[in-house]
Amino acid sequence: MPFALALSITLAPLPAVAAQASAWIQSVARAIAAKQTYPRVAQMRGEEGTAKVKLFVSASGTIEHTELVGHSGSATLDKEALALPTREMQLPAPPGGATTVTIPITWKLL
């Protein structure tokens with residue numbers, strides 16, 4: 001069953017140069033997208049949706065905590081959205097120190 005994955009990221013205000021923040025956001029987007037998968041159970045059930053996850057990122061780039069701030073409509077996809085950022089992932093250090101990042105993660109069957 002073909003499917004599409006989408007990921008976009010918005011960043012909480014950072015006291016850093018816009019170009020540095022933009023580059024950091026792009027590196028976070030690449031790191032998260034590289035780990036994103038479509039849960040088999042959700043595929044089989046035809047579940048689609050967008051979950052929004054808030055990441056709490058330390059000054060060193062460690063993801064300290066995740067929080068679901070927008071439900072996808074599927075418990076399976078919500079669970080995957082919370083687990084995804086914690087999969088053996090070390091983000092680059094944010095340019096302005098510790099910050100939060102809100103990530104909408106979308107799963108869509110084609």
**Study point:** Leu109 CG to Arg45 CZ distance, which is reported to the nearest 0.5 Å
**Key:** 13.0 Å
Residues 73-80 side chain polar contacts: donor-acceptor under 3.5 Å, at least two apart:
| from | atom 1 | to | atom 2 | distance (Å) |
| --- | --- | --- | --- | --- |
| Ser74 | OG | Glu47 | OE1 | 2.7 |
| Ser74 | OG | Thr76 | N | 3.3 |
| Ser74 | OG | Leu77 | N | 3.1 |
| Asp78 | OD1 | Ser72 | N | 2.8 |
| Asp78 | OD1 | Ser72 | OG | 2.7 |
| Asp78 | OD2 | His71 | ND1 | 3.1 |
| Glu80 | OE1 | Arg87 | NH2 | 2.7 |
| Glu80 | OE2 | Thr37 | OG1 | 3.1 |
| Glu80 | OE2 | Arg87 | NH1 | 2.9 |
| Glu80 | OE2 | Arg87 | NH2 | 2.9 |

Point to revise | Between CD on residue Gln36 and CH2 on residue Trp107, distance to nearest 0.5 Å | key: 5.5 Å
Point to revise | Closest non-hydrogen atom pair, Trp24 against Pro92 | key: NE1-O, 2.7 Å
Exercise for review: Check whether any side-chain heavy atom of Thr62 lies under 4.5 Å from a side-chain heavy atom of Gln90, and answer yes or no.
Suggested key: yes
Check your understanding: Is a side-chain N or O of Glu67 found less than 3.5 angstrom from the main chain of Leu55, in a donor-acceptor match?
Key -> no
Check your understanding: How long is the gap from OG1 on Thr100 to NZ on Lys54, to the nearest 0.5 Å?
Key -> 4.5 Å
Check your understanding: Excluding sequence neighbours, so at least two apart, what forms ring pair (Phe, Tyr, Trp, His ring centres under 6.0 Å) with His65?
Key -> Phe56
Exercise for review: Working to the nearest 0.5 Å, report the span between OG1 of Thr66 and CG of Leu84.
Suggested key: 10.0 Å
Revision key, fill the gap. With sequence neighbours left out, the residues meeting side chain to side chain contact (heavy atoms under 4.5 Å, CB included) with Thr50 are Pro104, Thr106
Review point. What closest approach, in Å, do Ala81 and Ala51 show between heavy atoms, and which atom pair accounts for it?
Key: CB-CB, 3.6 Å
Practice item. Please answer: with hydrophobic residues joined when any side-chain heavy atoms are less than 4.5 Å apart, are Val69 and Ile105 in the same cluster? Key: no
Exercise for review: Take Tyr38 and Glu48 through the side chain to side chain contact (heavy atoms under 4.5 Å, CB included) test and state the conclusion after the steps.
Suggested key: CA-CA 10 Å; Tyr38 210 126; Glu48 299 179 326; 3.7 Å; yes
